[in-house]
Peer 1: 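Below you'll find the structure I mean.
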Amino acid sequence: MSSEFHPRNEAEARHIEALKQEHLLLDHKTRAEMNDMVMEAVEDTSREWKIAVTVLGLVTAVTLFGAWGYMMLNGLGLAGIRRPIYWGLFIVSFVFWIGISHAGTFVSAILRVFKAEFRRPFTRAAELMTTFGLAAAGLYPLVHLGRTWRFYWMMPYPNQRWLWPNWRSPLLWDFFAINTYLIGSTLYLYLPLIPDMAMARDRSTGWRRAVYGLLALGWRGTEQEWKNLQKAIQIFAWAIIPVMFSVHTIVSWDFAVAMKLGWHSTIFGPYFIIGALLSGIAAVNVVLFTVRATTKNMRYFIRPEHFDALGKLLLIISLSWAYFFFNEFILEWYGGEHTIKEILKFYMFGDIAPVWWTMVTCNVFIPGLLLWNRKFRRTPWLMFIMGIVVNIGMFAERYVIVTGALSRNRFPFDWGWYEPKLVEISIVFGTFMLFLFLYTLAARFLPLIPVWEVEEGQHSHTWRRIGKAVLPAVSDLESLD
Amino acid sequence: MAGGNGHEEHTKWVMVIDLDRCNGCGACVTACAMENNVAFVGEEENAYGRGMHWLRLQRYWEGEGDDLRVRYIPTMCQQCSNAPCEPVCPVYATLHSEAEELNLQVYNRCIGTRYCANNCPYVARTFNWFDYEWPEPLNFQLNPDVTVRRRGIMEKCTFCIQRIRRAEEDAKAEGREVYDGEVQPACAQACPTEAIVFGNWRDPNSRVRQLAASERAFKLEEALGTEPKVIYLAGGRHEF
């Protein structure tokens with residue numbers, strides 16, 4: 001154990017101290033200390049928090065559900081969509097939130113599978129983003145319906161009229177893909193939460209104890225329980241990855257399978273996945289900064305090193321996005337089809353050009369020019385701003401794809417222009433509020449840090465002396481059983 | 001449906017539109033709206049792009065100065081044999097009728113995803129953005145043969161299926177086949193220049209068949225493989 005590691009001289013002590021400052025997993029604390037820190041954060045239902053939750057809840061109720069109800073009562077015409085742009089801000093936001101929901105799984109599952117140690121403290125914060133992102137995304141297929149009250153006709157259920165949904169429709173694929181992902185990612189969030197629920201149960205009283213106890217499923221921490229849990233998490237981490245890939249691919253098929261120029265593109269599947277990861281990982285930065293700034297003891301768990309690592313990831317994904325974008329755009333252009341050229345001209349120089357250039361600037365130029373800088377990546381508030389900037393870019397991307405392509409059709413007579421109206425803007429704003437509301441609520445109920453995973457990481461990080469040098473040593477070998 | 005209903009082959013309804021004859025008067029648009037209870041959305045909504053007309057006159061300007069010409073293409077649902085709108089509907093609200101070889105729109109089944117409208121290369125479909133009222137005296141002329149649609153659903157040209165049905169029933173009652181020209185959609189009936197002709201493709205002597213033999217015949221975006229059942233005869237200076 002590292003706590004028994006004794007430096008031989010002053011310089012060594014400084015060296016070790018510096019590394020401890022930098023890396024959470026070298027900065028050992030006891031399990032009891034970390035438990036207390038996390039529980040203190042969870043139970044910190046201060047007055048400010050209560051006000052925040054109340055305000056967010058009320059704003060959500062009015063701007064999201066109020067506006068939605070108003071629109072249902074009067075008709076979808078309250079939105080700005082019109083012939084030939086039949087999909088607008090709702091579908092844009094739907095794709096956006098599905099994208100946000102991808103980062104949780106990516107950060108957690110893929111980094112877990114590849115044993116990226118820096119993931120440990122923030123997997124849960126990212127997984128929660130997935131769940132709440134899906135909660136926001138899942139509303140849109142209902143919001144955008146002309147007759148929302150008939151949404152259940154999309155479900156295959158036995159009925160007297162023997163009517164069945166149409167399995168050839170991408171919207172039905174969406175329905176199942178999203179539900180599969182929602183169930184899968186919620187279970188994946190829940191599994192690593194069980195030991196933490198037990199920890200919280202043992203350290204709380206009253207209603208909290210009752211609820212945590214229920215959620216802990218009688219966890220006692222026996223060796224067999226740990227083995228089962230580890231196995232289940234391993235299986236889920238692998239299994240959720242193809243599910244995650246398929247979900248956004250299927251969302252892209254809503255567009256790619258259509259007989260619509262500007263949508264019908266074979267690259268849309270991977271292009272959308274990369275876009276989802278770009279916005280999602282950017283959003284992880286935003287969430288981590290906010291959690292760090294508003295929750296007790298989080299500065300110990302979430303450090304500049306994590307923003308640094310996420311920043312590198314963001315840079316790679318931004319460049320990958322640029323690669324896919326380039327392939328999509330330039331090859332379409334070279335194809336030379338008349339209508340396609342009109343669409344691309346409309347993107348670059350038409351009325352929608354400000355949105356298109358925002359996309360290129362925020363997704364490629366800004367991250368590409370700034371994320372090389374280590375100091376930038378290590379400054380949490382700068383990464384927070386970067387997260388917002390990239391998400392503006394990705395929102396713009398979806399806006400261009402959905403409404404821009406629909407604005408230019410084969411017959412010039414069918415060209416059009418779309419501007420969102422107040423009800424749409426209110427509902428979209430409302431889902432952002434919903435996300436914040438759910439997250440703020442969860443932040444004082446669920447331990448945002450998976451304490452046992454951090455402890456596991458700290459156990460595998462030790463010090464070794466080789467010659468005159470003291471080096472951190474990491475063991476990530478899997479046990480044989 | 002080989003041998004299914006006693007006929008050798010069932011009918012295949014097609015429409016021929018001679019663009020040389022079309023003078024853009026708009027009588028077809030009006031007749032269609034009246035026959036099919038197309039909602040009256042008002043001037044403002046119509047200007048905003050919420051017009052519900054099943055049939056629109058695409059208008060294009062050609063040339064400049066003294067050579068300036070205006071060209072019209074009356075466009076409605078092309079009743080594609082291979083329709084892009086059909087597979088994308090999650091609830092089978094838009095589907096193919098085997099018996100009539102038409103694209104049906106089942107209003108009561110539609111939940112309003114509007115995917116069909118996005119996927120229509122002819123942008124032929126319209127959406128009920130609101131529940132519209134017919135101002136007096138238009139409310140007195142609603143056609144009892146056609147459903148009045150409510151908000152939140154798609155609709156489109158049906159080739160006046162109610163008229164097809166009526167002619168078929170009359171013919172059946174009299175123990176004969178439907179004769180050529182017996183079925184006339186409202187647009188064809190109203191057209192003062194007889195630019196629109198409707199008939200059965202399977203009848204080798206039908207007028208549509210004869211007109212479609214013209215070298216001017218073409219279909220909109222034929223290369224897409226949607227196999228439309230509206231045949232246009234090219235107008236203006238014929239360059240083939």
Side-chain angles (χ1 to χ4, degrees), chain A residues 71-88 91 141-142 144-155 161 163-175 254-255 257-261 263-264 339 402 405-406 409-418, chain B residues 41 45-53 56-60 72-73 75 80 82-95 106 108-132 150-154 220-221 223-226:
Chain A
M71 192 179 73
M72 261 198 273
L73 284 175
N74 288 283
L76 206 59
L78 292 179
I81 38 180
R82 54 179 158 179
R83 191 182 205 161
I85 300 123
Y86 285 98
W87 284 353
I91 299 294
L142 308 183
H144 98 122
L145 288 184
R147 300 202 294 170
T148 304
W149 50 96
R150 295 279 181 242
F151 78 94
Y152 61 90
W153 284 352
M154 280 194 278
M155 291 185 228
R161 289 176 290 175
L163 287 169
W164 214 235
N166 180 5
W167 296 93
R168 294 185 300 166
S169 169
L171 295 183
L172 206 72
W173 311 339
D174 262 1
F175 185 82
D254 284 349
F255 309 103
V257 303
M259 190 180 263
K260 175 85 199 71
L261 294 169
W263 281 5
H264 186 67
T339 313
V402 176
L406 285 172
N409 290 294
R410 290 182 171 88
F411 297 100
F413 185 78
D414 297 323
W415 287 9
W417 173 242
Y418 161 79
Chain B
V41 303
E45 276 284 283
N46 195 52
Y48 186 71
R50 297 273 176 79
M52 299 278 302
H53 297 303
R56 295 173 305 160
L57 289 173
Q58 292 196 26
R59 188 177 61 185
Y60 295 106
Y72 299 98
I73 310 178
T75 322
C80 305
N82 184 17
C85 54
E86 287 166 5
V88 297
C89 175
V91 294
Y92 283 122
T94 175
L95 74 170
V106 186
N108 282 344
R109 182 66 173 166
C110 180
I111 56 174
T113 68
R114 306 182 304 291
Y115 199 167
C116 54
N118 283 338
N119 210 24
C120 174
Y122 311 103
V123 196
R125 296 173 148 265
T126 64
F127 185 70
N128 286 268
W129 302 99
F130 295 106
D131 280 325
Y132 295 103
R150 66 171 304 185
R151 72 175 189 270
I153 60 165
M154 295 301 307
L220 293 184
E221 295 293 345
L224 293 177
T226 51

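Below, all heavy atoms of this structure are taken into account, side chains as well, without hydrogens, waters or symmetry copies. Lettering follows sequence order; numbering is per chain, from 1. Here the structure is a predicted model, which is why all the values come from computation and not from measurement.
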Peer 1: Restricting to non-hydrogen atoms, name the atom on B/Arg114 and the atom on A/Gly146 that form the minimum distance, rounded to 0.1 Å.
Peer 2: NH1-N, 4.3 Å
Peer 1: Which atoms of A/Tyr152 are under 4.5 Å from chain B, going by heavy atoms: the side chain, the backbone, both sets, or neither?
Peer 2: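 A/Tyr152 has no heavy atom closer than 4.5 Å to chain B.
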Peer 1: Against chain B, work out which of A/Leu163, A/Asn409, A/Leu261, A/Ile81 has the most heavy-atom pairs shorter than 4.5 Å and name it.
Peer 2: A/Ile81
Peer 1: B/Leu95 versus chain A, heavy atoms under 4.5 Å apart: side chain, backbone, both or neither?
Peer 2: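 It is neither, since no heavy atom gets under 4.5 Å.
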Peer 1: Would you name the heavy atoms of B/Tyr48 and A/Gly80 that are closest together and state the gap between them?
Peer 2: OH-O, 2.8 Å
Peer 1: In terms of heavy-atom pairs under 4.5 Å with chain B, which of A/Trp149, A/Phe151, A/Phe175 leads?
Peer 2: A/Trp149
Peer 1: How far apart are the C-alpha atoms of A/Arg83 and B/Phe127, what are their side-chain angles, what is the distance that settles it, and do they pass the side chain to side chain contact (heavy atoms under 4.5 Å, CB included) test?
Peer 2: CA-CA 8 Å; A/Arg83 191 182 205 161; B/Phe127 185 70; over 6 Å; no
Peer 1: Select, from A/Leu171, A/Leu172, A/Val257, the one with the greatest count of heavy-atom pairs under 4.5 Å involving chain B.
Peer 2: A/Leu171
Peer 1: Please check if the distance between the ring centroids of A/Trp164 and A/Trp153 is under 6.0 Å.
Peer 2: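 A/Trp164 vs A/Trp153: aromatic centres not under 6.0 Å.
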Peer 1: Without hydrogens or angle criteria, can the side chains of B/Tyr92 and A/Ser169 be said to hold a donor-acceptor pair below 3.5 Å?
Peer 2: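 Looking only at side-chain atoms, A/Ser169 and B/Tyr92 do not form any donor-acceptor pair under 3.5 Å.
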Peer 1: At a heavy-atom distance under 4.5 Å, which candidate from B/Pro90, B/Gly112, B/Gly49 has the highest pair count against chain A?
Peer 2: B/Pro90
Peer 1: For A/Leu142, is it the side chain, the backbone, both, or neither that has a heavy atom closer than 4.5 Å to a heavy atom of chain B?
Peer 2: neither
Peer 1: Show your working on side chain to side chain contact (heavy atoms under 4.5 Å, CB included) between B/Leu220 and A/Phe411 and close with a plain yes or no.
Peer 2: CA-CA 10 Å; B/Leu220 293 184; A/Phe411 297 100; 4.0 Å; yes
Peer 1: Considering only heavy atoms and a distance below 4.5 Å, find which of B/Asn128, B/Ile73, B/Thr126, B/Thr226 pairs most often with chain A.
Peer 2: B/Thr126
Peer 1: Quick one: what part of B/Tyr60 sits under 4.5 Å from any heavy atom of chain A, side chain, backbone, both or neither?
Peer 2: side chain
Peer 1: Closest approach of A/Ile91 and A/His144, non-hydrogen atoms and distance?
Peer 2: CD1-ND1, 3.5 Å
Peer 1: side-chain hydrogen bond (donor to acceptor under 3.5 Å, both in side chains) between B/Thr94 and B/Arg125: does it pass, once the steps are laid out?
Peer 2: CA-CA 11 Å; B/Thr94 175; B/Arg125 296 173 148 265; 2.8 Å; yes
Peer 1: Tell me, out of A/Leu145, A/Leu78, A/Asp254, who's got the most heavy-atom pairs with chain B below 4.5 Å.
Peer 2: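 Looking at each of A/Leu145, A/Leu78, A/Asp254 in turn, A/Leu145 comes out on top.
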Peer 1: Examine whether an atom of B/Ala124 lies under 4.5 Å from a heavy atom of chain A, and if so say whether it belongs to the side chain, the backbone or both; otherwise answer neither.
Peer 2: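 Just the backbone, heavy atoms under 4.5 Å.
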Peer 1: Do you know which of A/Ala405, A/Pro141, A/Ala79, A/Pro170 has the most heavy-atom pairs under 4.5 Å to chain B?
Peer 2: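 Most heavy-atom pairs within the cutoff with chain B belong to A/Pro170.
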Peer 1: Looking at chain A, which one of B/Cys110, B/Pro121, B/Pro87 has the largest number of heavy-atom pairs inside 4.5 Å, strictly under?
Peer 2: B/Pro87
Peer 1: Can you name the salt bridge (charged side-chain N to carboxylate O under 4.0 Å, His left out) partners of B/Glu86, sequence neighbours left out?
Peer 2: none
Peer 1: Which of the residues B/Gly51, B/Pro84, B/Cys89 is involved in the greatest number of heavy-atom pairs with chain A at under 4.5 angstrom?
Peer 2: B/Cys89
